[in-house]
Undergrad: 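Sending over a structure as structure tokens; questions will come in a sec.
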Amino acid sequence: MSDSEKTFYITTPIYYVNDAPHIGHSYTTILSDVLTRFHKLAGEQTFFLTGTDEHGQKVQQAADKAGVSPQEHCDAYSKRFKDAWGELNIGFDKFIRTTDPEHIAYVQDIFRRLWDKGRIYEKEYEGWYSVGEERFFTEKELVDGKDPISGRPVEKIREKNYFFKMSEYQEWLIRYIEDHPDFILPDFRRNEVLGFLRQPLNDLCISRPKSRLAWGITLPFATEYVAYVWVDALFNYQSAVAGKKFPDGSPIWPADYHLLGKDILTTHAVYWTTLLKALDMPQPRHILAHGWWLFDNARMSKTTGNVVAPMAMKDKYGVDAFRYFLIREMVVGQDASFSEEALVQRLNSDLANDVGNGLSRILKLAATGLESRLTPVPSDGEEEAALKKAAGDAVTATLEKVKALKLSFAIEDTLQLIRAVNRYLEVKAPWKLAKEGPAGKDKLNSVLYHSAEALRIGFSLLHPVMPAKMEEALTALGVGVVGSNPVALSPLKWGGYDYAKPLGQGVNLFPRVETEKPAGQKSAGGPGGGPKPAPADPFSLVHLKVARIEEVEDHPNADSLYVLRLKVGEEDRTVCAGLKKHLAKEELRGRNVVMVYNLKPANLRGVESKGMILAAEGEGGKVIPVMPEGAVSGDDIKAADTPFEPKADLTLKEFDKAPLTVQAGIVRYRDRQLNSPKGPVRAQAPDGTAVR
RNA sequence: GGCGGGUUAGCUCAGUUGGUUAGAGCAGAGGAAUCAUAAUCCUUUUGUCCGGGGUUCAAAUCCCUGACCCGCUACCA
């Protein structure tokens with residue numbers, strides 16, 4: 001995959017210092033570590049970069065709050081990541097911090113070069129600044145002279161900022177992505193980026209005045225400004241390796257892989273690439289967006305008490321089992337689900353039964369029959385030749401899949417070899433040979449030597465995933481571990497070790513984890529599944545409330561939307577409604593309506609909408625808001641005989657799963673009518689009309 | 001609403017340019033063995049390949065259509 005045969009430079013995103021390390025950070029970092037170790041195993045020169053992103057408003061605020069300097073705050077918080085990676089056995093080559101003087105100087109140099117090349121221009125504008133939202137609004141965006149999002153007052157500020165001419169590179173970028181099909185991975189992400197680029201690309205504001213944000217990198221050509229944090233952060237990938245070379249003298253940049261979560265793909269695929277282009281610098285070879293870890297039914301876990309805290313799993317079952325699970329279970333690019341049950345399953349069936357037990361049996365056989373000493377012999381027999389071939393095949397197949405980033409499948413190929421050893425032992429029955437005394441000794445040696453060789457190669461292939469445990473395993477075979485490579489000699493080559501040292505004894509690599517199975521309650525499905533919990537009634541998650549429309553305004557940016565100021569009990573709410581085509585302002589003002597109270601806020605053309613007004617959508621596009629009979633603002637609306645467990649930030653999709661319709665003039669969920677404390681919710685619409 | 005992807009064994013997924021009896025791992029069942037971590041090995045069950053229609057000598061694979069799921073995006077609110 002890599003254009004370069006001998007070198008491999010991989011990066012993780014730099015993590016925001018204020019965050020606490022969690023499974024998302026851990027996965028990205030472990031994945032990078034595993035890939036790095038594999039490439040190292042294949043004999044390449046590698047460089048693995050990770051670090052922390054330390055500038056920005058939130059850092060400044062957190063530091064102020066704690067009464068320390070931003071730098072002190074960063075020093076303390078950055079360390080949490082470094083420590084976490086230590087615990088996860090991450091072998092990074094450099095841990096960069098964006099407050100490193102070298103990084104700051106590098107970024108300043110970049111800004112200077114962009115400025116000299118005329119890629120940056122300044123633009124002065126006057127706008128309305130909302131302190132609460134920390135952003136500008138145009139005159140047009142203001143609602144009632146106030147912040148359209150929070151409704152708070154704004155102040156008029158005249159401000160100058162610097163912009164990067166990103167829009168000029170839109171056509172180039174589209175073509176580049178089309179010409180390099182494996183630039184953005186997986187391929188469906190590439191299509192999404194191309195879709196994003198079908199809309200006009202704006203120039204990028206790359207400065208922040210120090211009057212608003214002081215904690216950042218000062219722009220060399222405008223010292224009263226700091227760099228926009230994303231630009232600052234992205235250049236870490238270069239500043240960290242600036243002037244550095246691989247041992248053979250070849251430069252480290254460009255990166256072979258930028259690993260990242262799908263949420264920051266646009267930043268990398270668009271901002272980063274165009275910035276590099278503007279500087280005539282080589283592009284990274286691949287940008288890989290991986291998926292997320294999901295936890296099914298977190299809710300139920302809480303009530304039953306078996307909360308899955310992924311980071312605690314590494315303490316409970318060991319770092320290597322944790323790493324193995326993450327790499328084995330997630331198909332790179334896809335989402336995957338995390339559960340303790342699945343982790344234990346993998347630990348027992350793959351690691352304990354196959355890997356650990358495989359080693360255990362030959363150590364014991366060698367101890368009883370050969371005093372733990374093996375002598376290399378040629379692979380004359382049919383089974384021996386087959387095992388030797390299986391080892392070679394496993395190496396080829398595993399490394400090929402690693403190159404294609406199919407790590408979960410790569411592991412499976414390696415495990416095939418380990419299983420082949422167990423099968424070979426069954427055929428040769430060395431425990432019988434051991435009982436034949438001196439006569440069987442040569443045969444026994446041959447069987448155990450072949451088994452040990454196959455295992456040694458298998459363990460070496462697993463080493464990138466489970467460095468600590470595999471070092472223990474290889475040591476048990478007498479193989480020394482040099483640096484992070486399993487052996488100084490050929491770790492992946494049959495006959496690569498002479499067994500000069502005796503084998504170890506009594507090694508239990510992965511103790512089985514006993515799972516308590518309540519008697520008489522055998523799990524219905526496989527352990528992966530288990531009985532699926534009954535899904536909650538979709539409507540039970542919905543929180544409807546009566547609201548009074550205080551004010552109706554035109555949306556500043558959208559022809560079909562109103563911006564409604566609502567009073568919900570004592571609370572003020574701003575909601576957008578697509579009612580402009582259907583109703584005049586006067587028809588709405590002062591009216592009581594029903595709103596979805598717990599809907600996740602959405603930004604609709606610049607105005608944040610916190611909720612949604614329910615209306616019957618009749619034939620011919622007629623829209624009639626529903627009427628809560630006699631109810632007052634703030635009343636809850638519930639459906640008869642339906643549990644009421646509102647979920648915070650309900651998505652529109654979740655709401656759509658509980659379709660509402662009109663029957664006999666009353667709004668219903670299925671056949672249950674919706675009531676306020678005062679009476680039913682009515683809508684003058686024909687039976688069957690959908691309400692939304 | 002627009003664009004894109006998906007639906008294959010109880011679970012997680014492979015299935016190359018359409019080509020014989022559709023596969024792997026795990027889970028289940030039966031047996032063998034006893035060196036080993038109640039581990040291993042052998043044998044083995046189950047699939048209307050989401051539904052419907054079409055093209056073809058031949059379709060999990062191509063086309064149309066319906067259902068459900070997911071991603072991105074939107075004057076969805």
Side-chain angles (χ1 to χ4, degrees), chain A residues 186-196 198-199 262 265-266 291 328-331 334-337 341-342 345-346 348-369 406 408-409 411-413 415-416 419 421-435 444 447-448 451 506-514 522-532 555 557-564 574-581 595-596 599-615 652-653 655-656 692:
Chain A
D187 53 358
F188 60 90
R189 296 288 170 205
R190 183 185 71 233
N191 289 336
E192 285 174 14
V193 173
L194 286 171
F196 175 83
R198 276 199 283 272
Q199 301 154 321
K262 56 190 182 183
L265 176 58
T266 306
R328 174 64 184 80
E329 205 71 5
M330 183 176 265
V331 175
Q334 309 286 94
D335 290 346
S337 54
E341 200 181 11
Q345 173 70 46
R346 286 252 97 97
N348 279 344
S349 65
D350 293 0
L351 300 182
N353 295 357
D354 289 342
V355 180
N357 181 49
L359 173 65
S360 196
R361 23 189 348 197
I362 72 154
L363 292 185
K364 186 65 193 294
L365 287 163
T368 49
K406 295 184 172 181
S408 51
F409 302 101
I411 286 181
E412 194 52 43
D413 282 325
L415 245 58
Q416 288 293 346
R419 294 192 187 109
V421 174
N422 274 326
R423 237 174 287 131
Y424 171 75
L425 287 175
E426 221 59 42
V427 174
K428 290 292 180 179
W431 45 93
K432 284 180 186 160
L433 295 172
K435 285 171 188 162
L444 179 61
V447 172
L448 295 185
S451 303
V507 176
N508 189 343
L509 277 186
F510 299 103
R512 277 182 67 85
V513 175
E514 292 313 322
K522 271 201 163 182
S523 59
K532 293 246 166 154
H555 190 292
N557 271 328
D559 298 336
S560 67
L561 299 179
Y562 280 136
V563 178
L564 308 180
T574 300
V575 165
C576 294
L579 298 171
K580 208 160 166 179
K581 286 183 217 148
M595 71 175 296
V596 184
L599 199 67
K600 187 178 179 183
N603 186 2
L604 295 177
R605 267 189 111 81
V607 176
E608 187 178 48
S609 178
K610 297 172 97 168
M612 179 163 103
I613 303 300
L614 288 189
L652 199 56
K653 199 171 273 183
F655 176 68
D656 284 342
R692 188 164 181 259

Undergrad: Quick one: what's the B/S/- string for nucleotides 69-76 of chain B, heavy-atom cutoff under 4.0 Å, read 5' to 3'?
TA: SSSSSSBB
Undergrad: For A:Lys406, enumerate each residue passing the salt bridge (Lys or Arg N to Asp or Glu O under 4.0 Å) test, keeping only those at least two apart in sequence or located in another chain.
TA: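 Checked A:Lys406 against salt bridge (Lys or Arg N to Asp or Glu O under 4.0 Å); zero matches.
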Undergrad: Only pairs at least two apart or in different chains count here, so list each salt bridge (Lys or Arg N to Asp or Glu O under 4.0 Å) that has a residue in residues 357-369 of chain A.
TA: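 Listed once each, the pairs are A:Arg361-A:Glu426.
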Undergrad: Could you give the distance separating B:G5 and B:C63 at their P atoms, to the nearest angstrom?
TA: 10 Å
Undergrad: Using the P atoms only, state how far B:C75 lies from B:C68, rounded to an integer number of Å.
TA: 26 Å
Undergrad: Under a 3.5 Å cut-off on both pairing distances, which runs of 3 or more consecutive Watson-Crick or G-U pairs involve RNA chain B?
TA: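 Expected stems, ordered by start: B:1-7 with B:67-73, B:10-13 with B:23-26, B:28-32 with B:40-44, B:50-54 with B:62-66.
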Undergrad: A:Asn508: what forms a side chain to side chain contact (heavy atoms under 4.5 Å, CB included) with it, not counting sequence neighbours?
TA: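 Partners of A:Asn508 under the side chain to side chain contact (heavy atoms under 4.5 Å, CB included) test: A:Pro511.
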Undergrad: Distance check, C1' atoms only: B:U8 and B:A22, in whole angstrom units.
TA: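 So the two C1' atoms sit 8 Å from each other.
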Undergrad: Would you please name every residue forming a salt bridge (Lys or Arg N to Asp or Glu O under 4.0 Å) with A:Asp187, sequence neighbours left out?
TA: none
Undergrad: Are OP1 or OP2 of B:A39 and a side-chain N or O of A:Arg512 less than 4.0 angstrom apart?
TA: yes
Undergrad: Applying salt bridge (Lys or Arg N to Asp or Glu O under 4.0 Å), can you list everything that pairs with A:Arg419, at least two apart in sequence or on another chain?
TA: A:Asp354, A:Glu412
Undergrad: Which residues satisfy the side chain to side chain contact (heavy atoms under 4.5 Å, CB included) test with A:Ile362, sequence neighbours excluded?
TA: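 Only A:Leu425, A:Leu448, A:Ser451, A:Ala452, A:Leu455, A:Leu477 meet the side chain to side chain contact (heavy atoms under 4.5 Å, CB included) criterion with A:Ile362.
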Undergrad: Which listed nucleotide (B:A36, B:C26, B:G25) is nearest to the side chain of A:Gln416?
TA: B:G25
Undergrad: Considering only side-chain heavy atoms of A:Asn357, which listed nucleotide, B:C41, B:G25, B:A36, is closest?
TA: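 Between B:C41, B:G25, B:A36, the one nearest the side chain of A:Asn357 would be B:A36.
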Undergrad: Taking only heavy atoms on the protein side, list every residue of residues 423-431 of chain A lying under 4.0 Å from any atom of RNA chain B, sorted numerically.
TA: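 Close to the strand are A:Arg423, A:Glu426, A:Trp431.
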Undergrad: Just to verify, what does A:Tyr562 make a side chain to side chain donor-acceptor pair (under 3.5 Å) with, not counting sequence neighbours?
TA: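 A:Tyr562 satisfies side chain to side chain donor-acceptor pair (under 3.5 Å) with no other residue.
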Undergrad: With sequence neighbours excluded, tell me which residues meet side chain to side chain donor-acceptor pair (under 3.5 Å) with A:Asn348.
TA: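 With neighbours one apart ignored, the set is empty.
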Undergrad: Round to a whole Å and report the spacing from CG of A:Asp354 to P of B:U40.
TA: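 Atom CG in A:Asp354 sits about 6 Å away from atom P in B:U40.
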Undergrad: Would you kindly compare A:Gly356 and A:Glu329 by the position of their nearest RNA chain B nucleotide and give the one closer to the 5′ end?
TA: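 It is A:Glu329 whose nearest nucleotide is closer to the 5' end.
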Undergrad: Pick the C1' atom in B:U61 and in B:G18, then give their distance to the nearest Å.
TA: 6 Å
Undergrad: Nearest of B:C35, B:U37, B:G25 to any side-chain atom of A:Ala352?
TA: B:U37
Undergrad: Check this for me, if you would: do A:Lys581 and A:Asp559 make a salt bridge, where the nitrogen-to-carboxylate-oxygen distance has to be below 4.0 angstrom?
TA: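 No.
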Undergrad: Would you mind classifying the nucleic acid contact of A:Asn353 as base, sugar-phosphate or nothing, using non-hydrogen atoms under 4.0 angstrom?
TA: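 The answer is sugar-phosphate, as A:Asn353 gets under 4.0 Å only of primed atoms, P, OP1 or OP2.
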Undergrad: Take A:Val355 and A:Leu415 through the side-chain contact (heavy atoms from CB on, under 4.5 Å) test and state the conclusion after the steps.
TA: CA-CA 8 Å; A:Val355 180; A:Leu415 245 58; 4.2 Å; yes
Undergrad: Looking at the side chain of A:Asn422, which of B:C3, B:C41, B:U37 is the nearest nucleotide?
TA: B:C41
Undergrad: For A:Leu509, report the nucleic acid contact type (base, sugar-phosphate, nothing); a contact means any heavy atom under 4.0 Å.
TA: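 Base, at least one base heavy atom under 4.0 Å.
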Undergrad: I'd like to check the salt bridge (Lys or Arg N to Asp or Glu O under 4.0 Å) partners of A:Lys262; sequence neighbours left out, ordered by chain and number.
TA: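 A:Asp335.
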Undergrad: Contact class for A:Ala577 (heavy atom, under 4.0 Å): base, sugar-phosphate, or nothing?
TA: sugar-phosphate
Undergrad: Base, sugar-phosphate, or nothing: which does A:Leu599 touch, judged by heavy atoms less than 4.0 Å apart?
TA: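 A:Leu599: base contact, heavy atoms under 4.0 Å.
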Undergrad: Assign A:Asp350 to base, sugar-phosphate, or nothing according to its heavy-atom contacts below 4.0 angstrom with the strands shown.
TA: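 If one applies the 4.0 Å heavy-atom cut-off, A:Asp350 turns out to touch nothing in the nucleic acid.
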Undergrad: Between B:G30 and B:U21, how far apart are the C1' atoms? Round to whole Å, please.
TA: 23 Å
Undergrad: Write down the atom of A:His555, the atom of A:Lys580, and the distance for their closest heavy-atom approach.
TA: N-NZ, 4.4 Å
